[in-house]
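Reminder, nothing fancy here: chain letters follow the sequence lines and each chain counts from 1.
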2 protein chains.
Amino acid sequence: MTTIIDVAKQAGVSFKTVSRVLNGESNVRPETKDKVLQAAQALNYRVNSAARRLRSKTPHLVALFLNNPSRSYAQDVQIGAMAGCQDAGFTLVVEDPEKNGAIERLAAQDGLLGAILTPPQSDDPKIIARLNAARVPFVRIGTERSVAGSNQVGIDDRAAAVDMTNYLIGLGHRRIGFICGPQDHEASLRRYKGYCDALQAAGIAFDNDIIERGDFTYASGLTLSERLLALENRPSAIFASNDEMAAGCLAAAYRRNIRVPEKLSVTGFDDSPVARVIYPALTTLHQATRDMSQKAIALLDQKRRQDSDEEIVVKLPHELVIRDSTGPFIPN
Amino acid sequence: MTTIIDVAKQAGVSFKTVSRVLNGESNVRPETKDKVLQAAQALNYRVNSAARRLRSKTPHLVALFLNNPSRSYAQDVQIGAMAGCQDAGFTLVVEDPEKNGAIERLAAQDGLLGAILTPPQSDDPKIIARLNAARVPFVRIGTERSVAGSNQVGIDDRAAAVDMTNYLIGLGHRRIGFICGPQDHEASLRRYKGYCDALQAAGIAFDNDIIERGDFTYASGLTLSERLLALENRPSAIFASNDEMAAGCLAAAYRRNIRVPEKLSVTGFDDSPVARVIYPALTTLHQATRDMSQKAIALLDQKRRQDSDEEIVVKLPHELVIRDSTGPFIPN
DNA sequence: CTGAAAGCGCTAACAC
DNA sequence: GTGTTAGCGCTTTCAG
């Protein structure tokens with residue numbers, strides 16, 4: 001195992017200088033820095049995070065507040081957060097933000113680096129207020145509503161919905177139904193906005209009859225799709241705001257013997273595990289949920305190091321994933 | 001922050017004795033041990049894993065070999081493993097066992113505690129042989145086939161399938177279809193065995209016509225259920241060996257307009273996230289996948305400490321989860 | 001069975 | 001800009 005002492009010898013500097021370089025402290029001459037970095041590389045040096053943590057009493061606890069009805073979403077967030085913690089040698093504590101006093105109890109703990117908020121808590125003013133009162137730094141995930149002094153990581157939901165809608169339009173669909181997510185959910189509204197914007201840009205008339213309000217559950221997707229499919233002039237495509245509702249939509253299509261994608265195109269959003277498990281496999285919009293929470297932890301860490309107060313907003317890329325639930329519009 | 005020195009003072013012993021107690025070394029008088037434990041409790045002492053790892057050059061890397069088609073299963077395993085690692089201050093490396101040389105590369109690494117194998121690799125003789133050749137300790141998850149020198153963590157699949165079948169029989173069902181998992185999958189065979197055993201115990205004649213062989217995919221569940229439901233004398237209940245096939249079964253029932261659970265009871269196995277997302281919510285058998293991998297890591301750790309070679313087999317409890325996809329048998 | 005001394009790899013504080 | 005010294009909390013020798 002190589003230590004900073006080995007690196008220092010190789011580079012011909014004191015081991016303290018190596019430490020400085022490794023921690024990105026500013027007062028090191030660039031050429032010295034290069035020498036150190038090269039030596040570290042050559043010796044395949046890896047920091048010993050145990051030693052670092054032992055010495056520097058830097059916070060090592062990260063709280064993930066998680067209370068989301070979608071288990072797959074929760075799992076993705078958690079895996080990303082755990083990965084982020086391992087990267088930096090932190091310990092993750094997963095807590096239910098609704099639990100009484102959970103926030104305050106954690107804030108009182110020693111060595112709390114910060115917290116991560118997930119939807120729908122990302123947009124809950126009460127929770128944000130409690131966090132601020134307890135002076136706990138936090139990052140909000142999967143939201144775009146800005147809040148004073150808050151960092152956030154997410155995708156551009158509107159743009160993503162535009163992409164999805166344009167894809168359907170490109171397939172020849174003109175009558176595209178839309179199933180909204182819950183109204184108190186920031187991302188839902190942005191997705192709806194994207195849908196509307198894309199229609200307008202394509203010069204397609206907006207029709208309120210083929211817009212439904214769901215709540216992200218399979219059941220709501222099923223019921224509302226039944227309604228859409230019962231219409232005399234039913235849509236040739238349905239854009240559901242998440243995968244679980246899209247799954248419900250597929251079931252509704254089955255019931256009515258409407259073949260997907262021949263007679264009906266269906267799309268979801270999120271690229272959750274359901275999307276692959278269902279038949280036909282869902283065309284959906286992949287968002288890197290895992291990366292979000294991982295990134296969020298890196299953010300927390302970085303902000304502490306730089307002792308920075310500025311609000312950081314990170315936008316991650318999204319990706320349209322085309323599977324089997326969508327196809328070209330075929331007139332009857 | 002309390003240290004072992006604080007605990008030692010409180011207990012009136014030297015701090016080394018505290019260390020001994022904490023590490024479960026044998027040569028400590030029981031009463032001394034009690035005193036120390038009480039003091040630790042009173043002071044709310046928590047080991048500083050950073051300090052421990054820094055000093056004791058104990059292995060800190062755990063490899064999780066994961067290559068499972070079911071994403072939800074994989075996530076569960078991973079979350080459990082990460083939790084187990086955090087408990088003990090280990091670092092988790094997730095690897096694809098099929099990747100060329102992955103096993104050997106890891107084995108060559110410094111500080112590898114051991115590996116965790118998940119299905120279907122848990123029963124792959126080649127992989128087991130390579131692990132043995134590289135002298136990497138490992139724990140196999142979700143399997144019951146015993147292999148010389150191997151530790152395993154799982155549930156009693158046969159007993160669980162018996163419970164499920166008995167539940168259906170208790171509802172009055174006599175004609176219970178069964179959809180097998182893949183034949184090379186140890187757990188599949190045990191589940192099938194449990195189904196057969198329960199039927200026999202209840203004096204129900206076994207009927208080969210209502211047994212199908214699936215492969216754990218949604219698509220196979222759909223196709224095979226179609227076949228079962230097309231039978232003149234179709235079953236009143238179908239027991240699918242995992243949730244994804246059960247989901248396919250529900251879709252098949254929809255297609256034929258067979259109402260679930262009124263006209264057909266459907267059960268899955270695993271209690272994966274799909275089970276809740278689908279309509280009607282699946283009656284299934286919960287197995288604590290997360291706990292399994294967490295437990296597996298604790299096992300690896302324990303075995304290293306005790307320098308033990310004995311084979312350990314851990315059986316975790318399972319639980320029948322009754323939701324909405326099953327109901328009493330109603331004659332036509 | 002228990003204790004004293006040494007030191008893991010790193011960073012904080014203070015020199016120079 | 002860079003180096004020196006001390007010591008984090010724990011386990012590992014080695015003595016009793």
Side-chain angles (χ1 to χ4, degrees), chain A residues 1-37 39-40 43-61 88-91 110-111 113 301 304-307, chain B residues 1-37 39-40 43-61 88-91 110-111 113 301 304-307:
Chain A
M1 164 163 262
T2 67
T3 73
I4 52 171
I5 299 187
D6 303 325
V7 176
K9 274 183 198 146
Q10 173 94 1
V13 295
S14 89
F15 72 87
K16 174 66 227 192
T17 303
V18 176
S19 168
R20 284 207 176 90
V21 172
L22 261 30
N23 288 37
E25 289 173 35
S26 51
N27 41 350
V28 180
R29 275 219 316 269
E31 48 190 277
T32 313
K33 185 173 168 181
D34 282 352
K35 258 195 307 190
V36 170
L37 255 23
L43 297 175
N44 190 27
Y45 169 81
R46 317 263 306 143
V47 282
N48 182 326
S49 69
R52 174 178 283 180
R53 271 219 349 246
L54 174 57
R55 187 61 243 238
S56 78
K57 304 272 183 152
T58 190
H60 65 281
L61 230 50
F90 298 135
T91 302
D110 230 36
L113 174 66
D301 189 23
R304 185 198 55 77
R305 286 168 118 95
Q306 305 175 348
D307 198 23
Chain B
M1 163 162 264
T2 65
T3 74
I4 51 171
I5 299 187
D6 302 325
V7 176
K9 275 184 196 142
Q10 173 94 359
V13 295
S14 89
F15 71 86
K16 172 65 228 193
T17 303
V18 175
S19 168
R20 284 208 176 89
V21 172
L22 261 30
N23 287 34
E25 290 173 36
S26 49
N27 40 352
V28 180
R29 275 219 315 269
E31 50 191 274
T32 313
K33 186 173 167 180
D34 281 353
K35 256 195 308 189
V36 169
L37 255 23
L43 297 175
N44 189 28
Y45 169 80
R46 318 264 305 144
V47 281
N48 182 326
S49 68
R52 173 178 284 181
R53 267 210 4 237
L54 173 57
R55 186 62 243 236
S56 76
K57 303 272 183 149
T58 190
H60 64 281
L61 231 51
F90 298 136
T91 302
D110 231 36
L113 174 65
D301 189 23
R304 184 198 55 77
R305 288 166 118 92
Q306 305 175 348
D307 199 23

Asker: So Leu61(A) and Leu113(A), do their side chains get closer than 4.5 Å, heavy atoms only?
Answerer: no
Asker: Side chains of Thr2(A) and Arg46(A): donor-acceptor distance under 3.5 Å anywhere?
Answerer: no
Asker: So, is Ser19(A) near the phosphate of dT11(C), with a side-chain N or O under 4.0 Å from OP1 or OP2?
Answerer: yes
Asker: Do side-chain atoms of Ser56(B) reach the backbone of Arg52(B) as a donor and acceptor pair under 3.5 angstrom?
Answerer: yes
Asker: Just how far, in rounded Å, is P of dC1(C) from CD of Glu31(B)?
Answerer: 11 Å
Asker: Could you give the NZ-to-P distance, from Lys16(B) to dG7(C), as a whole number of Å?
Answerer: 16 Å
Asker: Hey, does the side-chain of Arg55(B) have a donor or acceptor N/O within less than 3.5 Å of a partner on the base of dG7(C)?
Answerer: yes
Asker: Atom CG of Asn48(A) and atom C1' of dT11(D): how far apart are they, to the nearest Å?
Answerer: 15 Å
Asker: Pick base, sugar-phosphate or nothing for Thr32(A), based on heavy-atom distances below 4.0 Å to the nucleic acid.
Answerer: sugar-phosphate
Asker: Look at the side chain of Ala51(A) and decide which nucleotide, out of dA4(C), dT11(D), dC10(C), has an atom nearest to it.
Answerer: dC10(C)
Asker: Between dG3(C) and Thr17(B), is there an OP1 or OP2 to side-chain N/O distance shorter than 4.0 Å?
Answerer: yes
Asker: Are Ser14(B) and dG3(C) close enough that a side-chain N or O sits under 4.0 Å from OP1 or OP2?
Answerer: yes
Asker: Roughly how far, to the nearest 0.5 Å, is the NZ atom of Lys35(A) from the CZ atom of Arg29(A)?
Answerer: 7.5 Å
Asker: Which whole-number value in Å describes the distance from Glu25(A) CD to dC14(C) C1'?
Answerer: 14 Å
Asker: Would you mind reading off the distance between Leu43(A) atom CG and dG9(C) atom C1', rounded to a whole angstrom?
Answerer: 15 Å
Asker: dC10(C) P sits how many Å from Leu22(A) CG, rounded?
Answerer: 8 Å
Asker: Under 4.0 Å: is that the gap between some side-chain N or O of Arg29(A) and OP1 or OP2 of dT2(D)?
Answerer: yes
Asker: Quick one: which of dG9(D), dG3(D), dC10(C) gets closest to the side chain of Val13(A)?
Answerer: dG3(D)
Asker: Just so I know, are the side chains of Thr3(A) and Phe15(A) near enough to count as touching, which here means a heavy-atom distance under 4.5 Å?
Answerer: no
Asker: Could you check how far CZ of Arg52(A) sits from C1' of dG9(C), rounded to whole Å?
Answerer: 11 Å
Asker: State which of dT2(C), dG3(D), dT11(C) makes the closest approach to the side chain of Phe15(A).
Answerer: dT11(C)
Asker: Closest to the Leu54(A) side chain: dG3(D), dG9(D), dT2(C)?
Answerer: dG9(D)
Asker: When you match Arg20(A) and Ser56(B) each to their closest nucleotide on DNA chain C, which lands nearer the 5' end?
Answerer: Ser56(B)
Asker: If I take atom CZ in residue Arg53(B) and atom P in nucleotide dT12(D), what distance separates them, rounded to the nearest angstrom?
Answerer: 14 Å
Asker: Which part of the nucleic acid, if any, lies within contact of Asn27(A), taking any heavy atom under 4.0 Å across all strands shown: a base, the sugar-phosphate backbone alone, or nothing?
Answerer: base
